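Below: the structure, in structure tokens.
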2 protein chains.
Amino acid sequence: MPAHIFIAEDETSIITLLKYNLEKESYKVSFCENGEQALKQIKDKHPDLILMDWMLPDLSGVEVCKNLKKDNKYNDIPIIMLTAKGEEEDKLRAFDTGADDYVTKPFSQKELNARIKSLLRRSKPYSSVDVVEFTDLKIDRITKRVYRNNVEISLGPTEFKLLDFFIKNPKRVYSREQLLNNVWGENIYVETRTVDVHIRRLRQAINIDKTKPLIRTVRSAGYSLES
Amino acid sequence: MPAHIFIAEDETSIITLLKYNLEKESYKVSFCENGEQALKQIKDKHPDLILMDWMLPDLSGVEVCKNLKKDNKYNDIPIIMLTAKGEEEDKLRAFDTGADDYVTKPFSQKELNARIKSLLRRSKPYSSVDVVEFTDLKIDRITKRVYRNNVEISLGPTEFKLLDFFIKNPKRVYSREQLLNNVWGENIYVETRTVDVHIRRLRQAINIDKTKPLIRTVRSAGYSLES
DNA sequence: CGGAATTGTTACAGTTTTGTTAAAAACATA
DNA sequence: TATGTTTTTAACAAAACTGTAACAATTCCG
């Protein structure tokens, strides 16, 4: 289970470099080149650590940072600010907004890696984001347990990941392709019909006392988690 | 209850400055000017954070750091290295020995304060007690003895470390890689399946009177300690 | 030194999980 | 109602994963 690092940075060359470097360290990496998108994607993907450019075209990195730190759900994600300016004022402002560390461009890859490792090591073992509830469903990512009405339910690994993904954005409809990409992985070839089968297995598992269906089929579009 | 910060630093002028500054921020401050003494006092006082000079007259800061990080009781105390050298090699070595951050002298007081705040915010609650209990299990880190229902159990060194690690965060599921990193060490090459074998040995050892299983297997994820 | 304890590796068996397929069912629309 | 499309369901074989025992290498200790 590699740590997932999110990069918000508008210089393509830096992204490329970072991505190469971090993936070599076997982190899972995703990125985004502007602030609005970054905020959205971070809330969606909930990475383990964020590398954030101090300046971003539309919504500045500082703003994104502030926004995240205000939200209980996301303020535990450590953030490293990437800043081109060496001035002290900026550094302090980075910390003030809630950043956990910063590096000044151009930075040493090795040093960055060390800082990342240090932050990941220190990040809280349990945080509110690890236990997510939706209606009578509860999923604990730390203990890998799932409950319905406080009754534990046993799920296979794929079904767990599937539910975990759905619960991040309940009510949102995902196509089979989206589910394959997010639950199975990006470069894996699996039949789209396979999703149906796992949806069935998940349904079967969470439909303890034939209450509400919870997983909705949207014909010719996909599936969603409903209350 | 203000956070207690310990300073290990041999330049009196810096100590004075730091002390003045930190007490103004209403931290409780204590200090020491050489390595041997520092190590002793740290173990005695168990501060919340340490500012450690990279070079100390007798026992270097690096050595003190290493020593602390090896000890389960103290490795959760965040350490900021104070180094006069700006060279990358030193910085990296600081992180390697387990330091959580470093600043280069001369440093900005404001920046240091920010880094301290960030580290304190992020630091774990102490797992620094000698005797830890979890359900009917008791582990004494000093005497290295383990009891179940007050009956002593004999464990090999690896099994002891394994249980000790599990008991820090009971119920949390750890992957085999995480266990290898935390119990065996970071740069050691051991097959992941070896974990299974030691889990079995630990299970065998603690399953005295066939009570509860205690160690849970989470398929495709790892193991956890359960009540 | 010699025996006991500890350690990491491997192979095998047993079980669970997974993806695929095909048939049945459900749905939408003319 | 008839028809074509989409989803549900069951069954099955392949793949993945874990538990266990046995073994050799190493360390520990009297």
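Within every chain, numbering begins at 1; the chains are lettered A, B, ... in the order of the sequence lines, protein sequences first and strands thereafter. Bear in mind the structure is a predicted one, so any value in this text is a computation, not a measurement.
Side-chain contact between I77(B) and H46(B): present, with at least one pair of heavy atoms (C-beta onward) separated by less than 4.5 Å. Here the side chains of Y223(A) and R172(A) are not in contact, with every heavy-atom distance at 4.5 Å or above.
Distance I199(B) CD1 to dC17(D) C1': 15 Å, rounded to the nearest Å. Counting to the nearest Å, the P atom of dA22(D) and the CZ atom of R201(B) are 13 Å from each other. Atom pair Y189(A):OH and dT18(C):C1' shows a separation of 15 Å (rounding to whole Å applied). Atom CZ of R216(B) and atom P of dG19(D) are 13 Å apart (whole Å). Nucleotide dA14(D) holds its P atom 18 Å from the CD atom of E191(A), rounded to whole Å. A straight line from CD1 of I188(B) to P of dG8(C) spans 9 Å, rounded to a whole angstrom. Between K161(B) atom NZ and dT6(C) atom C1' there is a gap of 11 Å when expressed in whole angstrom units. In this entry the distance linking CH2 of W184(A) with C1' of dA16(D) reads 16 Å, nearest Å.
Atoms NZ and NZ, from K161(A) and K144(A) in turn, are 9.0 Å apart once rounded to the nearest 0.5 Å.
For the pair R193(B) and dG19(D), the criterion of a side-chain N or O lying under 4.0 Å from OP1 or OP2 is not met. Taking 4.0 angstrom as the limit, Y223(A) places none of its side-chain polar atoms (N or O) nearer than this to OP1 or OP2 of dT6(D). Contact annotation: T217(B) side-chain N/O to dG19(D) OP1/OP2 distance is under 4.0 Å.
Side-chain rings of F165(A) and Y174(A) approach one another, their centers coming within less than 6.0 Å.
Proximity note for H198(A) (side chain, C-beta onward) versus dT7(D), dT10(C), dT18(C): the nearest is dT18(C). Of the candidates dT20(D), dT18(D), dT10(C), the closest approach to any side-chain atom of R176(B) belongs to dT18(D).
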Applying side-chain hydrogen bond (donor to acceptor under 3.5 Å, both in side chains), run through T135(A) and R148(A) and close with a yes or a no. CA-CA 9 Å; T135(A) 60; R148(A) 174 131 196 216; over 6 Å; no

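Side chain R219(B) to base dT18(D): no donor-acceptor pair is found below 3.5 Å.
When the nearest nucleotides of DNA chain D are assigned to S220(B) and Q204(A) by heavy-atom distance, the more 5′-ward of the two goes with Q204(A). Map A221(B) and V197(B) each onto its nearest nucleotide of DNA chain D; the residue landing nearer the 5' end is A221(B).
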